[in-house]
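All values below were derived from every heavy atom in this structure, side-chain atoms included, with hydrogens, water molecules and symmetry-related copies excluded.
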Amino acid sequence: MTNSKDNLEKTRELITEQSMKDLLTKQLEIVGSGGAFVWAIFFLCVTPNILNGFHVSSYTLLGHLPDDQWCGIDALQHTNWTLAEKRSISEYELESGGCTIWDWDYEHLSRMSYSSALNYTRRMAQINKPSVVSCKTKGSYEYAEPETTFVADWELTCERSIQRTSAQVALSLGKFCGSFSFGILADKFGRKTSFTLGAAFFIAGSIFCTFTPWYSVFLIGRFALGSASSGLFYPAFTMIVENICLKHRTWMSIAFSASYPVGMILLAIVGYQIQPWRYLQLALTIPSLLLILNCYLMNESPRWLITKQRYNRVYQILFGQPSHYDIQPTIATATETCSDKKTLESAPDDSLVEKLKNGPLKSIIELFANPKVRRYIFTSYFMFCVTSLSYYVTALNAANFSVSRYLYIVATGVVDIPSYVVPVIMLRYTGRRITTMFLFMLTGVSLLLVLSVPSGSTTWIVSFAMLGRFGISATYSVVTLYTAELYPTEIRNSALGTCSTWAHVGSISAPYVVDVLGALGWYIPTTICGFCVLVAGLLTLTLPETGTDKLTDKVEDAPAIESGPEKQ
């Protein structure tokens with residue numbers, strides 16, 4: 001055994017660091033062009049995004065308002081009146097959905113027959129109409145099919161209806177925080193580390209949402225799911241962009257984004273079969289346990305490992321065997337090491353600020369320290385915010401129409417899938433910059449065309465809004481790919497993470513744009529989005545084309561604006 005180790009040490013070759021980088025980069029280009037390495041990364045990264053489609057859209061089924069709601073008055077529970085008869089007296093001419101009732105003496109009415117009570121209340125209403133009181137003062141809320149929504153479990157209706165919305169707000173806030181924090185973690189500690197932590201959050205959040213008897217814990221679970229969606233999405237997407245060649249990178253990145261609406265369609269199918277909300281939540285939780293297998297099988301991103309100078313690990317991943325090379329130290333390196341030792345001996349400990357600058361905040365500082373990168377990042381922030389705002393505004397506006405919630409989710413997924421396929425064709429011939437600008441313009445024009453339609457032409461209004469949704473869904477996939485290629489490996493995940501943070505600023509703002517500004521004019525939300533999207537399309541021209549074979553690794557090598565896009 002000892003002789004074997006000695007022979008291995010003797011056969012190790014010295015190689016310069018640059019030669020080692022070139023060797024590993026060349027091998028990454030070879031294995032990233034096809035084969036088991038490519039397909040393993042693709043499937044391990046795509047499946048978690050289907051789960052994102054489950055939970056992010058599940059609010060539509062889990063937290064919908066009951067189809068019917070009324071006030072169950074305690075004093076009338078033991079009468080032989082039908083439900084319709086009870087409501088005809090307690091809610092006569094009231095359109096509050098059972099939130100309020102007339103303040104009659106229901107104990108007195110319960111001793112009468114229904115016809116006598118009806119005549120009595122109608123006659124007394126003409127003399128002295130009683131006041132309107134909350135249902136809770138006389139009884140409790142009752143619902144049709146209460147087991148299908150968590151609203152019934154925690155009575156999140158009437159004066160507490162805003163707390164129902166907080167379930168979706170908690171998810172959005174989780175995505176807001178997760179996109180920022182997981183982006184930094186992925187650049188600092190690795191793509192797999194960030195993915196694994198996101199998987200842990202996802203499983204824990206799913207379990208909390210399924211079994212908790214308390215609404216506050218349910219909200220914590222929703223927040224964890226939102227955070228985990230970013231922790232799973234961006235490291236996985238970055239793995240595809242970094243390690244797969246351009247030939248497959250484009251369509252695989254689009255297919256990765258298209259897996260989200262696949263999850264939405266599966267959600268609608270499962271939700272139609274499983275009506276009780278807790279059983280449905282459990283059915284959505286069980287597949288999340290597969291993430292444990294993903295974490296076990298997934299390797300760290302070789303390109304990220306190269307930037308961290310962990311060459312032996314990269315060699316093991318790419319060649320399937322331990323490295324037999326040793327990095328040859330240079331004279332300059334030895335001199336710098338001696339100099340660094342003297343400096344460390346003479347200099348005091350770094351301050352906390354310096355440690356933060358050179359540690360967790362390093363990648364964030366580099367986003368804004370370089371003037372060229374700083375210009376790109378501000379443009380990217382606006383693009384992401386506007387894209388997300390427009391996507392959710394069109395979704396919320398369309399949801400106001402009376403359609404089955406199951407059919408609506410399926411229709412949304414079906415509309416989104418071709419919107420991810422179209423960019424694959426466009427990117428092949430027009431490049432990233434022109435494709436992004438065209439899709440922004442298509443979306444903006446479609447949303448502004450709503451202004452030319454009379455308010456009563458619902459079919460045309462919905463058609464233009466859905467065309468805008470088609471365009472913005474396609475834009476989302478291209479913008480994500482474009483941004484991932486635009487920034488160097490050192491700060492790529494931080495750029496994607498902070499861009500996602502601004503995207504969630506748009507998604508959180510969307511309900512207010514629809515509800516508050518939409519109350520002033522039904523056309524205002526789509527008009528605002530239309531103008532903002534057109535501006536984003538023009539700003540795209542200030543960015544460089546990135547559809548080339550090579551990705552940059554260092555901040556100083558960030559791509560420059562060229563005279564025209566390269567067709568790839």
Side-chain angles (χ1 to χ4, degrees), residues 58-168 213 215 268 271-281 398-409 458 515 519:
S58 62
Y59 173 75
T60 305
L61 301 183
L62 301 175
H64 65 88
L65 289 173
D67 295 332
D68 191 18
Q69 173 187 316
W70 62 90
C71 184
I73 301 171
D74 296 337
L76 300 181
Q77 293 301 320
H78 301 293
T79 64
N80 60 356
W81 302 359
T82 65
L83 175 60
E85 291 172 344
K86 295 174 184 177
R87 297 180 69 175
S88 69
I89 289 179
S90 62
E91 301 177 24
Y92 178 67
E93 293 184 339
L94 294 178
E95 297 181 358
S96 62
C99 294
T100 58
I101 57 174
W102 294 109
D103 189 17
W104 295 113
D105 183 355
Y106 291 102
E107 288 287 351
H108 176 63
L109 294 177
S110 67
R111 292 189 288 269
M112 304 179 185
S113 65
Y114 168 68
S115 59
S116 298
L118 181 63
N119 292 331
Y120 173 79
T121 54
R122 296 294 187 270
R123 186 174 64 254
M124 292 300 296
Q126 295 176 355
I127 300 172
N128 185 20
K129 184 175 290 188
S131 59
V132 177
V133 297
S134 170
C135 169
K136 300 294 288 183
T137 63
K138 299 287 185 177
S140 59
Y141 302 119
E142 295 186 15
Y143 315 91
E145 300 181 340
E147 72 281 356
T148 63
T149 172
F150 64 70
V151 170
D153 282 33
W154 293 298
E155 293 190 343
L156 306 177
T157 185
C158 298
E159 63 271 10
R160 298 186 64 202
S161 60
I162 191 65
Q163 296 188 38
R164 179 184 76 95
T165 308
S166 63
Q168 188 66 10
Y215 189 57
Y272 184 77
Q273 299 296 326
I274 304 175
Q275 298 291 324
W277 79 268
R278 285 196 185 273
Y279 292 166
L280 175 58
Q281 181 69 58
N400 290 329
F401 295 95
S402 299
V403 293
S404 165
R405 52 183 175 270
Y406 306 104
L407 290 177
Y408 177 74
I409 294 176
T458 305
D515 295 336

In chain order, what residues pass the side chain to side chain contact (heavy atoms under 4.5 Å, CB included) check against Ala268, with sequence neighbours excluded?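 Partners of Ala268 under the side chain to side chain contact (heavy atoms under 4.5 Å, CB included) test: Ile409, Val410.
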Enumerate the residue pairs fulfilling salt bridge (charged side-chain N to carboxylate O under 4.0 Å, His left out) with a member in residues 68-85, sequence neighbours excluded, ordered by first and then second residue.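 Those involving residues 68-85 are Asp68-Arg87.
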Which pairs, with at least one residue in residues 107-129 and sequence neighbours excluded, count as a salt bridge (charged side-chain N to carboxylate O under 4.0 Å, His left out)?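 Qualifying pairs: none.
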Which pair of non-hydrogen atoms, one from [X] and one from [Y], has the smallest distance, and what is that distance?
X: Leu280; Y: Gly271; answer: CD1-CA, 3.7 Å
X: Thr79; Y: Leu76; answer: OG1-O, 2.9 Å
X: Gly72; Y: Cys135; answer: N-SG, 4.5 Å
X: Val151; Y: Thr157; answer: CG1-CB, 4.3 Å
X: Pro213; Y: Trp154; answer: O-NE1, 3.1 Å

Where does the angle between the aromatic ring planes of Phe150 and Tyr215 fall among parallel (under 30°), tilted (30 to 60°) and perpendicular (over 60°)?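 Because their plane-to-plane angle lies in the 30° to 60° range, the rings of Phe150 and Tyr215 count as tilted.
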Check for a donor-acceptor pair, side chain of Trp102 on one end and backbone N or O of Pro130 on the other, with a separation under 3.5 Å.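 It does not hold such a pair.
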Check for a donor-acceptor pair, side chain of Trp277 on one end and backbone N or O of Pro146 on the other, with a separation under 3.5 Å.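 Answer holds: no.
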Identified side-chain hydrogen bond (donor to acceptor under 3.5 Å, both in side chains) partner of Glu155 from the options Lys136, Gln163, Arg160: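 That would be Lys136; it is the only one of Lys136, Gln163, Arg160 passing the side-chain hydrogen bond (donor to acceptor under 3.5 Å, both in side chains) with Glu155.
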Would a 4.5 Å heavy-atom cut-off, applied to side chains only, mark [X] and [Y] as touching?
X: Leu109; Y: Met112; value: yes
X: Leu62; Y: Gln281; value: yes
X: Ile89; Y: Tyr114; value: yes

Going by the rule side-chain hydrogen bond (donor to acceptor under 3.5 Å, both in side chains), which residues pair with Gln77 if we only count those two or more places apart in sequence or in a different chain?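 Counting only residues at least two positions away or on another chain, Gln77 forms no side-chain hydrogen bond (donor to acceptor under 3.5 Å, both in side chains).
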With sequence neighbours excluded, what pairs up with Asp103 under the side-chain hydrogen bond (donor to acceptor under 3.5 Å, both in side chains) test?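 Applying side-chain hydrogen bond (donor to acceptor under 3.5 Å, both in side chains) to Asp103 gives Lys138.
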I need the Ile274 CD1 to Tyr279 OH distance, nearest 0.5 Å.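 Here the interatomic distance stands at 10.5 Å.
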Look up atom CH2 in Trp104 and atom CD1 in Ile73, then write down how far apart they are to the nearest 0.5 Å.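 It is 12.0 Å, given to the nearest 0.5 Å.
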Going by the side-chain hydrogen bond (donor to acceptor under 3.5 Å, both in side chains) test, which pairs reach into residues 139-152, not counting sequence neighbours?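 Those involving residues 139-152 are His64-Thr148, Trp70-Glu142, Tyr141-Glu159.
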Is Cys158 close enough to Cys99 that their SG atoms are under 2.5 Å apart?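 Yes, the SG atoms sit under 2.5 Å apart.
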Just checking, any donor-acceptor pair under 3.5 angstrom between side chains of Ser113 and Ser116?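 Ser116 and Ser113 do have a side-chain donor-acceptor pair below 3.5 Å.
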